[in-house]
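Reviewing the structure listed below.
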Amino acid sequence: MSHERGVGAAAHTYDPAALIQCLLMKAKMKPGVSLQEGLATAAPLFFGHLSAGGLVGELRDGSIQLPQDSVLQDAQIRLDILDLAWERSRCSKFECWRYGAIDASSAFGNSWLLAREDIFEFSLDAIAPCRGDVPLPSDLNASFKNRTLPMSTLGRGRANLIKKSFNYLNLLRMESPSEDAFKGRCTQVYGIVADQGTEKGVADISTMRDSEEFDAFNLEKTQRAFPHAMWMPEHLHIFNNALESAITQLSVWRGFLPKLRAVERFLQDYSLRMLFRATCLSEVREISQMFANYSGSHIEWRWEYLEKSLDKLIPLLGHMKTHLNVEAILKSDEGNIDPAVVKEARGALDTPFFTEFCLLVWSLGHAVYNFTHILEGCICHAYVWTSKGNFKTKAKRMFDLTGYKTCFWKGRMGAWLLVVGIPILEQMIRDSTSDRLQGFLTSMSDARRGAFVHIENAVKCSLIEELTQKLAFHKQSPYNSMGMI
């Protein structure tokens with residue numbers, strides 16, 4: 001039982017099952033929203049406004065007792081401790097192959113470390129007879145699982161390699177019943193999946209212990225914390241970073257994202273957008289209506305954000321360039337208008353080929369995204385993972401076909417990428433375009449079309465060059481051996 005304490009005594013006791021349900025619900029809510037407010041808002045949806053009136057009032061005034069955030073945090077810590085104890089009890093019963101993915105998550109701030117593990121877990125009773133030439137009698141899909149380790153704090157300004165490695169080692173240590181078991185768990189780590197930042201050094205980190213009998217080839221005397229581990233690159237980061245580098249390396253388009261944000265800032269201001277409609281679009285009602293219900297979007301280089309932003313902005317850019325009159329807007333009687341926002345938006349729209357370049361970025365990003373979509377699947381069930389639908393729908397199709405919700409090969413496409421994928425990606429980049437971009441090109445004069453095609457070729461060549469450099473490690477040992485798999 002978990003409880004809230006009053007002054008020196010338990011004020012209320014909660015049933016564990018109900019408390020866990022509260023935890024599950026709170027996990028799906030924004031951090032600033034309380035359980036009381038969330039349930040009070042949802043109650044009319046289930047019971048109707050008339051029937052739910054009394055319930056809503058009781059939830060909001062505290063008549064119905066619900067756990068506070070401090071109680072939920074305490075319950076979550078207890079569950080994490082129980083999970084650690086469970087892992088300790090299993091430590092001596094299974095042989096594992098572990099692949100860790102660790103990173104500091106910006107979603108929680110730079111002081112949070114997230115660690116996920118993909119694990120192949122084999123019962124020691126099944127492994128014991130499998131020595132020498134005797135194969136391992138195990139279904140790898142049945143043996144495969146993934147989990148997220150409890151989050152660990154890094155501390156402001158301490159997200160360096162040593163701190164991240166130390167925290168990850170501590171997470172593994174807490175799940176080990178003894179020092180020998182901890183060392184054994186470290187030898188079970190065969191890969192550290194990370195981007196090309198700080199975390200790639202975790203695979204080679206030292207135990208940071210003094211040793212007079214250091215021997216890099218002796219597991220008993222090695223100073224490597226993970227003697228079997230190899231850094232494995234996270235390709236999605238590579239592709240996103242390559243798109244950003246390819247564009248920002250061209251001096252003319254180095255400020256592309258700030259210009260896109262300037263237009264977004266103008267449109268996101270509701271009063272400014274309504275003033276624009278009233279002063280500049282009063283005679284073109286059909287165009288004016290396109291700006292009526294614009295909703296803001298987050299703009300950054302990651303494609304899941306950039307695609308949505310461009311999908312919203314591209315249909316409006318041409319009309320804004322034609323009709324946005326800075327003088328007319330600034331002469332209005334509205335006193336809360338920021339002239340800098342209007343002028344920056346106008347300056348971005350006046351950039352040569354701005355709309356066309358947005359279409360080019362969209363087509364290049366879409367080509368890279370489609371390729372990464374292939375990498376997130378597997379060769380054996382590619383038709384499932386590349387089909388339409390969300391992950392839950394695809395997992396159901398996978399279960400209907402195989403009896404499992406996933407395949408252990410999913411996301412492990414390094415061999416395919418090395419032998420087949422990179423040439424395909426280069427060709428996808430060269431061929432990338434869109435119907436709307438082709439429409440713009442056919443309407444241009446010969447001189448203007450030639451100038452833009454020069455920009456298009458420069459961006460595509462820059463992107464291919466960036467990817468070639470970032471993926472050059474595939475030609476080095478031990479990564480080039482993946483081509484023989």
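Just so you know, these numbers come straight off a predicted model, no measurement behind them.
- A distance of 6.0 Å or more separates the ring centres of F408 and W97.
- In this structure, T355 OG1 and L360 CG are separated by 12.5 Å, a value rounded to the nearest 0.5 Å.
- Heavy atoms only, all atoms of each residue included: M413 and G377 are closest at CG-O, 3.6 Å.
- Between L313 and W362 the shortest side-chain heavy-atom distance does not fall below 4.5 Å.
- In this structure a side-chain-to-backbone donor-acceptor pair under 3.5 Å is missing from S462 to A458.
- Residues R185 and R98 form a side-chain contact, since some pair of their non-hydrogen atoms from C-beta on lies under 4.5 Å apart.
- Judged purely by distance below 3.5 Å, without hydrogens or angles, the side chains of S295 and N293 never pair a donor atom with an acceptor atom.
- Of all heavy-atom pairs spanning G389 and K394, the tightest one is O-CE, 3.1 Å.
- Under the 3.5 Å distance criterion, the side-chain polar atoms of R346 are matched with a main-chain donor or acceptor of K321.
- No side-chain N or O of E465 forms a donor-acceptor pair with one of Q249 less than 3.5 Å apart.
- Judged as a salt bridge (Lys or Arg N to Asp or Glu O under 4.0 Å), and not counting sequence neighbours, the contacts of E344 are R265.
- Every side chain to side chain contact (heavy atoms under 4.5 Å, CB included) that E300 has, sequence neighbours left out, goes to R261, H298, R302, Y305.
- Salt bridge present: D400 and K396 bring a charged side-chain N and a carboxylate O closer than 4.0 Å.
- Remark: E356 engages R448 in a salt bridge, criterion side-chain N to carboxylate O under 4.0 Å.
- Taking the six-membered ring wherever Trp is involved, the centroid distance between the rings of F226 and Y168 falls below 6.0 Å.
- Here K145 contributes atom NZ and D118 contributes atom CG; the two are 11.5 Å apart, rounded to the nearest 0.5 Å.
- Taking each heavy atom of N141 and C407 in turn, the nearest pair found is OD1-CA, 3.4 Å.
- No side-chain donor-acceptor contact under 3.5 Å links S288 to the backbone of R285.
- From E95, atom CD reaches atom CZ of F122 across 8.5 Å, with rounding to the nearest 0.5 Å.
- Proximity of F256 to T351: side-chain heavy atoms (C-beta onward) are nowhere separated by under 4.5 Å.
- Rounding to the nearest 0.5 angstrom, the gap separating the CG atom in L243 from the OG1 atom in T248 is 9.5 Å.
- R224 places a side-chain N or O within 3.5 Å of a backbone atom of A229 that can act as its donor or acceptor partner.
- The local environment of NZ in K163 is crowded, with over 12 non-hydrogen atoms from other residues, nucleotides or ligands closer than 6.0 Å.
- For residues 425-454, the pairs satisfying ring-ring contact (aromatic ring centres under 6.0 Å, His included) are F353-F452, with sequence neighbours left out.
- How far OG1 of T393 is from CG of N390: 3.5 Å, rounded to the nearest 0.5 Å.
- A heavy-atom distance below 4.5 Å is found between the side chains of L310 and L260.
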**OP:** Start with the C-alpha gap between F94 and I119, add the side-chain angles, then the distance that decides, and say whether side-chain contact (heavy atoms from CB on, under 4.5 Å) holds.
**Re:** CA-CA 11 Å; F94 294 92; I119 305 172; over 6 Å; no
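- For T433, the side chain to side chain contact (heavy atoms under 4.5 Å, CB included) partners two or more places apart in sequence, or in a different chain, are L437, Q438.
- The pair R449-D446 meets the salt-bridge criterion, with a side-chain N (NZ, NE, NH1 or NH2) lying under 4.0 Å from an Asp/Glu carboxylate O.
- Classified by interplanar angle (parallel below 30°, tilted 30° to 60°, perpendicular above 60°), the ring pair F473/W231 is tilted.
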Subject >> Worked check of side-chain contact (heavy atoms from CB on, under 4.5 Å) between K331 and T279 >> reply: CA-CA 10 Å; K331 285 180 180 178; T279 56; over 6 Å; no
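- Residues L24 and Q21 form a side-chain contact, since some pair of their non-hydrogen atoms from C-beta on lies under 4.5 Å apart.
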List the atom pairs, with distances to 0.1 Å, where a side-chain N or O of residues 378-388 and a protein N or O form a donor-acceptor pair under 3.5 Å, not counting sequence neighbours.
from: T386; atom 1: OG1; to: A382; atom 2: O; distance (Å): 2.6
from: S387; atom 1: OG; to: V384; atom 2: O; distance (Å): 2.6
from: S387; atom 1: OG; to: R397; atom 2: NH1; distance (Å): 2.4

Original post:
Step by step, would you call F266 with L324 a side-chain contact (heavy atoms from CB on, under 4.5 Å)?
Top reply: CA-CA 11 Å; F266 177 92; L324 181 59; 3.7 Å; yes
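- Side chain of K460 to backbone of R430: a donor-acceptor contact under 3.5 angstrom is found.
- Taking every heavy atom of both residues into account, A278 and S282 meet most closely at O-CB, 3.5 Å.
- Between the side chain of S245 and the main chain of A242, no donor-acceptor pair closer than 3.5 Å is present.
- Ring pair Y99/Y190 is tilted by interplanar angle, where 30° to 60° counts as tilted.
- How far CG of L316 is from CG of L349: 10.5 Å, rounded to the nearest 0.5 Å.
- Proximity of a side-chain donor or acceptor of S165 to a complementary backbone N or O of I162 within less than 3.5 Å is not detected.
- Contact detail for C96 and E121: the closest heavy-atom pair is SG-CG, 3.8 Å.
- Of all heavy-atom pairs between Q76 and L23, the closest is OE1-CD2, 3.9 Å.
- Between Y294 and Y270 there is no side-chain heavy-atom pair separated by less than 4.5 Å.
- With sequence neighbours excluded, the residues forming a side chain to side chain contact (heavy atoms under 4.5 Å, CB included) with V284 are L281, I287, H323, listed by chain and number.
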**OP:** Determine, stepwise, if the pair T406 / M398 fulfils side-chain contact (heavy atoms from CB on, under 4.5 Å).
**Re:** CA-CA 6 Å; T406 188; M398 187 72 182; 5.6 Å; no
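- No side-chain heavy atom of I422 sits under 4.5 Å from any side-chain heavy atom of L467.
- In this structure, the side chains of C22 and L35 come closer than 4.5 Å at one or more pairs of heavy atoms.
- Ring-plane geometry between H319 and F291 is classed as perpendicular, the angle between the planes exceeding 60 degrees on a 0 to 90 degree scale with a lower cut at 30.
- A salt bridge links R147 to E175: one of the charged nitrogens lies within less than 4.0 Å of a carboxylate oxygen.
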